[in-house]
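Working notes, beginning with the structure itself.
Note that the coordinates shown come from a computational prediction; the quantities given were computed from them, not determined experimentally.
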Amino acid sequence: MSFTGKYELQSQENFEAFMKALGLPDDQIQKGKDIKSTTEIVQDGKKFTVTVTTGSKVLKNEFTIGEECEIEMLTGEKAKALVQMEGNNKLIANVKGLKSITELNGDTITHTMMLGDLTCKRISKRV
């Protein structure tokens, strides 16, 4: 199953509390919660390029499954990460105490982020 495609955010749960825990300033959180972000994923075998556009902010990360890489976090901070694939439709990453699970089911991507006891879930559909 290929992740390649463009996805538009449909819904999100617990966004504000989660982003505050990550250390994002309130003004960025308020802007981010009202904008439908788009995620473009290009998969070439085990190599991925993920570009998330939220208004004028663009966050682009490249990684290869099973290899350590540097990921730019939502705060702008760069951190070492290791992304693994589970089955053929689930990407799992751990970055500085943040666990990220991206699961593809048909045309829907569910991105679940966990930090301590906080969870944020974002659901996007292929456009």
L118 and I29: same hydrophobic cluster, using ILVMFWY side-chain contacts below 4.5 Å?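 Hydrophobic grouping puts L118 with I29.
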Verify the cluster assignment for I92 and M113: are they in a single hydrophobic cluster under the rule of side-chain heavy atoms below 4.5 Å apart?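 No; M113 is not reachable from I92 via cluster members.
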Decide yes or no on side chain to side chain contact (heavy atoms under 4.5 Å, CB included) for M19 and K33, but give the supporting numbers first. CA-CA 10 Å; M19 295 303 144; K33 79 178 179 103; over 6 Å; no
Given side chain to side chain contact (heavy atoms under 4.5 Å, CB included), test T112 with E103 step by step and report yes or no. CA-CA 8 Å; T112 306; E103 188 169 5; over 6 Å; no
K46, NZ: over 12 other non-hydrogen atoms inside 6.0 angstrom: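 No - once you tally the heavy atoms of other residues, nucleotides and ligands closer than 6.0 Å, there are 12 at most.
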How about K57: does its NZ atom have over 12 heavy atoms from other parts shown lying under 6.0 Å from it?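 Correct, the count exceeds 12.
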Quick one, Q84 with K90, criterion side chain to side chain contact (heavy atoms under 4.5 Å, CB included). Give me CA distance, side-chain angles, the key distance, then yes/no. CA-CA 8 Å; Q84 301 287 1; K90 193 183 284 189; over 6 Å; no
Working note: R122 + T39, criterion side chain to side chain donor-acceptor pair (under 3.5 Å); need CA distance, chi angles, decisive distance, verdict. CA-CA 11 Å; R122 296 165 56 89; T39 302; 5.9 Å; no
Side chain to side chain contact (heavy atoms under 4.5 Å, CB included) between T38 and K36, intermediate numbers included: CA-CA 7 Å; T38 57; K36 289 271 193 219; over 6 Å; no
Do side-chain atoms of [X] reach the backbone of [Y] as a donor and acceptor pair under 3.5 angstrom?
{"X": "T4", "Y": "Q43", "value": "yes"}
{"X": "D107", "Y": "K125", "value": "no"}
{"X": "N14", "Y": "T119", "value": "yes"}

Return the OG1 to CD distance between T53 and E40, rounded to the nearest 0.5 Å.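 If we round to the nearest 0.5 Å, T53:OG1 and E40:CD are 8.0 Å apart.
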Could you check whether the rings of F48 and F3 sit parallel, tilted or perpendicular, using 30° and 60° as the cut-offs?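 The arrangement is perpendicular - the two ring planes meet at more than 60°.
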